[in-house]
Enquirer: 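One structure coming up, written as structure tokens, with questions to follow.
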Amino acid sequence: MVMRAFVFGGKHNCSLQSVPVPTINSDEVLIQVSHCGICGTDIHIDDGEFFCKENLILGHEFSGYVAEVGADVKHLKVGDRVVGDPMTPCFQCTYCQSGQMNYCVELPGIGVNLDGAFAEYIAVPASNVHVIGDNVSMEEAAMAEPLSCAIRGMDLLKCKSGESVVIIGDGTIGLMMVQLCKLAGLAPIVLVGAKPSVAPLATRLGADGFLDGRDENIVERVRAAVGFKQINNVIEAVGAKTTLELSLEVATFGSKILWFGVPSPETRISVVPNEVFTKELMIQGSLMNPHTMTRAVALLNEGRLDLESLITHTFTLEELPEAFECYRNNPERIKVMIKIMR
């Protein structure tokens, strides 16, 4: 049997191909992919800015239906509605053995060094598969993986109920963070973005204010939005030079800064070490989603978040090149989703 799949052949050389349907080992399941979201990492791979094995199928944010189960798999059955965790650690290196699987020497995993989900079928270790409730659409379910990454970022930030937060970036992650901060009881929640059209949605999802980050007085406006008080938390969810520097500029004494957005490896920013010292700033990165997928699925199954409203564009697998262009060039897009099942 063959299937359609979007294969990475090198920088700016991805193509739709017919490839064999994967076979599964005894501890794996075969998933018929329903939907797969485009992640910024996919764009970085296509641009040659992020490692990926050539002739490998891209895509790691996916939902689907169990089509076949391995002989040793007991907790899943054919027909289950599922999502997959793309982390495939080796469990042998010193990082894995100390519980830090996101640092594994074999990672990042599915869609980077193992075949991914921009395909009709994908083979996944059964331990990476989570059942999703019937109340969750398959489009929304495909966003479980980025949600689990956002939960990881919130864990690292160690924010507390009643603390203020400034979120920079009005894309998928920024709007997920708005909702997670609302659930966590942060107040006020100020969103800084570049799409004023998103303001009503951001307000409905929990933001107390929306500011246009292109305003030349943006730092002063951010300070005013929190009543010129301490900004406890700053979340940067873009990964661009200007927004990374803005995260430092808006910080007050004692601010915790989460750099969540994925910058290009060539990105360099200006930092004043004396300000980091005198303000006692804490700057934290966030890599992948160790141990958080179960919690992401729980939030989806219990209907605590609205992720479906973040999906602004849907394409078919054949239209994936156009979807990449939409991701790159459409200033109004939020989440770009690929519908794979016909």
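Starting from 1, each residue takes its place in the sequence as its number. Any value given below was found using the heavy atoms of this structure, including those in side chains, with hydrogens, waters and symmetry copies removed.
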Enquirer: Could you state the interatomic distance from CE (Met101) to SG (Cys93), rounded to the nearest 0.5 Å?
Expert: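 So the gap between those two atoms works out to 10.0 Å.
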Enquirer: Donor-acceptor check, side chain of Glu319 to backbone of Thr316, threshold 3.5 angstrom: yes or no?
Expert: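 Pair found, side chain donor or acceptor close to backbone of Thr316.
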Enquirer: Taking the side chain as everything from C-beta on, heavy atoms only, tell me whether Glu68 gets closer than 4.5 Å to Tyr121.
Expert: no
Enquirer: Counting C-beta onward and ignoring hydrogens, is there a side-chain heavy-atom pair between Met176 and Pro146 closer than 4.5 Å?
Expert: yes
Enquirer: Between Ile235 and Leu157, what is the shortest heavy-atom contact and its length?
Expert: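 Closest approach of Ile235 to Leu157, heavy atoms only: CG1-CD2, 3.8 Å.
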Enquirer: Please check if the side chain of Asn13 supplies one atom and the backbone of Gly9 the other of a donor-acceptor pair under 3.5 Å.
Expert: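 Side chain of Asn13 to backbone of Gly9: a pair is present.
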Enquirer: Quick check on the hydrophobic clustering: are Met293 and Val131 connected, directly or via other members, by side-chain heavy-atom contacts under 4.5 Å?
Expert: no
Enquirer: Any side-chain heavy atom of Leu16 within less than 4.5 Å of one from Val7?
Expert: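 No; the side chains remain at least 4.5 Å from each other.
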Enquirer: Could you give the distance from OG1 (Thr242) to CZ (Arg214), rounded to the nearest 0.5 Å?
Expert: 11.5 Å
Enquirer: Output yes when a side-chain donor or acceptor of Glu245 lies under 3.5 Å from a complementary backbone atom of Ile269, and no otherwise.
Expert: no
Enquirer: What pairs with Asp27 under side chain to side chain donor-acceptor pair (under 3.5 Å), at least two apart in sequence or on another chain?
Expert: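 Once residues adjacent in sequence are excluded, Asp27 has no partner under the side chain to side chain donor-acceptor pair (under 3.5 Å) criterion.
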Enquirer: Answer whether the closest heavy-atom distance between the side chains of Pro22 and Ile122 falls below 4.5 Å.
Expert: no
Enquirer: Which heavy-atom pair separates Val192 from Gly213 by the least distance, and what is that distance?
Expert: CG1-CA, 3.5 Å
Enquirer: Do you know which two heavy atoms are closest between Ala237 and Ile173, and how far apart they sit?
Expert: CB-CG2, 3.9 Å
Enquirer: What I want to check is whether the side chains of Asp85 and Asn289 have a donor and an acceptor closer together than 3.5 Å.
Expert: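 Yes, Asn289 and Asp85 have a side-chain donor paired with an acceptor closer than 3.5 Å.
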Enquirer: Does atom NZ of Lys279 have more than 12 heavy-atom neighbours from other groups under 6.0 Å away?
Expert: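 Atom NZ in Lys279 is crowded, with more than 12 foreign heavy atoms closer than 6.0 Å.
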Enquirer: Should Arg152 and Asp155 count as an ion pair when the cut-off is N to O under 4.0 Å?
Expert: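 Here Arg152 does not pair with Asp155 in a salt bridge, since their nearest N and O are not under 4.0 Å apart.
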Enquirer: Is a salt bridge present between Lys256 and Glu163, judged by a nitrogen-to-oxygen distance below 4.0 Å?
Expert: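 Counted as a salt bridge, because a side-chain N and a carboxylate O are separated by less than 4.0 Å.
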Enquirer: Do any N or O atoms from the side chain of Glu28 and from the backbone of Val124 form a donor-acceptor pair under 3.5 angstrom?
Expert: no
Enquirer: Going through the checks in order, is the salt bridge (charged side-chain N to carboxylate O under 4.0 Å, His left out) test met by Lys335 and Glu61?
Expert: CA-CA 11 Å; Lys335 189 63 181 178; Glu61 302 178 2; 2.6 Å; yes
Enquirer: When rounded to the nearest 0.5 angstrom, what is the spacing between NZ in Lys241 and OG in Ser270?
Expert: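 The NZ atom of Lys241 sits 4.5 Å away from the OG atom of Ser270.
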Enquirer: Begin with the C-alpha distance, continue with both residues' side-chain angles, and end with the deciding distance and a verdict on side-chain contact (heavy atoms from CB on, under 4.5 Å) for Phe6 and Ser15.
Expert: CA-CA 5 Å; Phe6 197 67; Ser15 61; 5.7 Å; no
Enquirer: Is Asp115 salt-bridged to Lys53, going by a charged N under 4.0 Å from an acidic O?
Expert: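 Looking at Asp115 and Lys53, the cut-off is not met.
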Enquirer: Are side-chain N/O atoms of His12 and Asp47 paired as donor and acceptor at under 3.5 Å?
Expert: yes
Enquirer: Quick one: do Glu54 and Lys11 satisfy salt bridge (charged side-chain N to carboxylate O under 4.0 Å, His left out)? Show the steps, please.
Expert: CA-CA 9 Å; Glu54 292 191 8; Lys11 181 177 179 179; over 6 Å; no
Enquirer: How about CD on Glu332, more than 12 heavy atoms from neighbouring residues, nucleotides or ligands closer than 6.0 Å, or not?
Expert: yes
Enquirer: Does atom CZ (Phe315) have a neighbourhood of more than 12 heavy atoms from anything else shown, all under 6.0 Å?
Expert: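 Count over threshold, so yes.
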Enquirer: Let's go through Leu258 and Asn233 carefully: what are the C-alpha distance in whole Å and the side-chain angles of both, what is the deciding distance for side-chain contact (heavy atoms from CB on, under 4.5 Å) to 0.1 Å, and is it a yes or a no?
Expert: CA-CA 8 Å; Leu258 177 69; Asn233 305 281; over 6 Å; no
Enquirer: Please give me the minimum heavy-atom distance between Phe62 and Ile110, naming the atom from each residue.
Expert: CE2-CG2, 4.4 Å
Enquirer: Indicate, with yes or no, if Leu244 and Ile168 share a hydrophobic cluster defined by side-chain heavy-atom contacts under 4.5 Å among Ile, Leu, Val, Met, Phe, Trp and Tyr.
Expert: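 Same cluster: Ile168 reaches Leu244 through Ile, Leu, Val, Met, Phe, Trp or Tyr contacts under 4.5 Å.
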Enquirer: Using the rule that two of Ile, Leu, Val, Met, Phe, Trp, Tyr join whenever any of their side-chain heavy atoms come within less than 4.5 Å, decide whether Ile151 and Val297 are in one cluster.
Expert: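 Yes; tracing contacts between hydrophobic side chains, which count when under 4.5 Å, links both residues.
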Enquirer: Would you say Glu145 and Pro86 make side-chain contact, with heavy atoms under 4.5 Å?
Expert: yes
Enquirer: Between Arg4 and Glu318, does any side-chain N to carboxylate O distance fall below 4.0 Å?
Expert: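 Between Glu318 and Arg4 there is a salt bridge, with a charged N closer than 4.0 Å to a carboxylate O.
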Enquirer: Quick one: does any side-chain atom of Asn329 pair with a main-chain N or O of Cys326 as donor and acceptor, under 3.5 Å?
Expert: no
Enquirer: Any side-chain to backbone donor/acceptor pair from Ser148 onto Ala296? Under 3.5 Å, distance only.
Expert: no
Enquirer: Do Val165 and Cys159 make a side-chain contact, defined as non-hydrogen atoms from C-beta onward lying under 4.5 Å apart?
Expert: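 Result no, sub-4.5 Å side-chain heavy-atom pair not found.
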Enquirer: Rounded to the nearest 0.5 Å, what separation is found between the OG atom of Ser127 and the NE2 atom of His75?
Expert: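 The NE2 atom of His75 is 7.5 Å from OG of Ser127, to the nearest 0.5 Å.
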Enquirer: Closest approach of Thr314 and Ile311, non-hydrogen atoms and distance?
Expert: OG1-CG2, 3.8 Å
Enquirer: Got a sec: does the CZ of Arg328 have more than 12 other heavy atoms crowding it under 6.0 Å?
Expert: yes
Enquirer: If you define the side chain from C-beta out and look only at heavy atoms, does anything of Phe118 sit under 4.5 Å from Phe8?
Expert: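 Phe118 vs Phe8: side chains apart.
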Enquirer: State whether a side-chain donor-acceptor pair under 3.5 Å links Ser137 with Glu308.
Expert: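 Judged by distance alone, the side chains do pair up.
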Enquirer: Rounded to the nearest 0.5 Å, what separates atom OG1 in Thr172 from atom CG in Leu307?
Expert: 9.0 Å
Enquirer: If you apply the rule side-chain contact (heavy atoms from CB on, under 4.5 Å), what do you find for Ser164 with Gln230, and how did you get there?
Expert: CA-CA 8 Å; Ser164 59; Gln230 182 183 26; 5.7 Å; no
Enquirer: Closer than 3.5 angstrom, by distance alone: can the side chain of Arg81 be matched with the main-chain N or O of Val136 as a donor-acceptor pair?
Expert: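 Yes: the side chain of Arg81 pairs with the backbone of Val136.
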Enquirer: Within a strict 4.5 Å, meaning less than it, do heavy atoms of the Leu310 and Leu205 side chains meet?
Expert: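 Side-chain contact under 4.5 Å: yes.
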Enquirer: Would you find a donor on one side and an acceptor on the other, under 3.5 Å apart, between the side chain of Ser264 and the backbone of Glu266?
Expert: yes
Enquirer: Any donor and acceptor pair, going by atom type alone, linking the side chain of Ser34 with main-chain N or O of Met341 inside 3.5 Å?
Expert: no
Enquirer: So which heavy atom on Phe228 is nearest to which on Glu220, and how close?
Expert: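 In this case the closest contact between Phe228 and Glu220 is CE2-OE2, 3.4 Å.
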Enquirer: Going through the distances and angles, do Leu300 and Glu140 end up as a side-chain contact (heavy atoms from CB on, under 4.5 Å)?
Expert: CA-CA 8 Å; Leu300 289 175; Glu140 195 167 32; 4.0 Å; yes
Enquirer: Roughly how far, to the nearest 0.5 Å, is the CD atom of Glu249 from the CD atom of Glu275?
Expert: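 Those atoms lie 8.5 Å apart.
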Enquirer: Is Leu191 reachable from Met177 through a run of I, L, V, M, F, W or Y residues, each pair having side-chain heavy atoms under 4.5 Å apart?
Expert: yes
Enquirer: Does a salt bridge link Arg204 with Asp306, judged by any charged N lying under 4.0 Å from a carboxylate O?
Expert: yes
Enquirer: Following the transitive rule for hydrophobic clusters with a side-chain heavy-atom cut-off under 4.5 Å over Ile, Leu, Val, Met, Phe, Trp and Tyr, establish whether Val190 and Leu246 coincide in one cluster.
Expert: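 Yes; tracing contacts between hydrophobic side chains, which count when under 4.5 Å, links both residues.
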Enquirer: Using atom types as modelled and distance alone, determine if a side-chain donor or acceptor of Asp80 lies under 3.5 Å from a backbone N or O of Val66.
Expert: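 Flag not set: sc Asp80 to bb Val66 has no pair under 3.5 Å.
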Enquirer: Looking only at side-chain N and O atoms, does Thr243 offer a donor or acceptor that is under 3.5 Å from a partner on Glu236?
Expert: yes
Enquirer: Looking just at side-chain N and O atoms, do Ser286 and Trp259 make a donor-acceptor pair shorter than 3.5 Å?
Expert: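 No.
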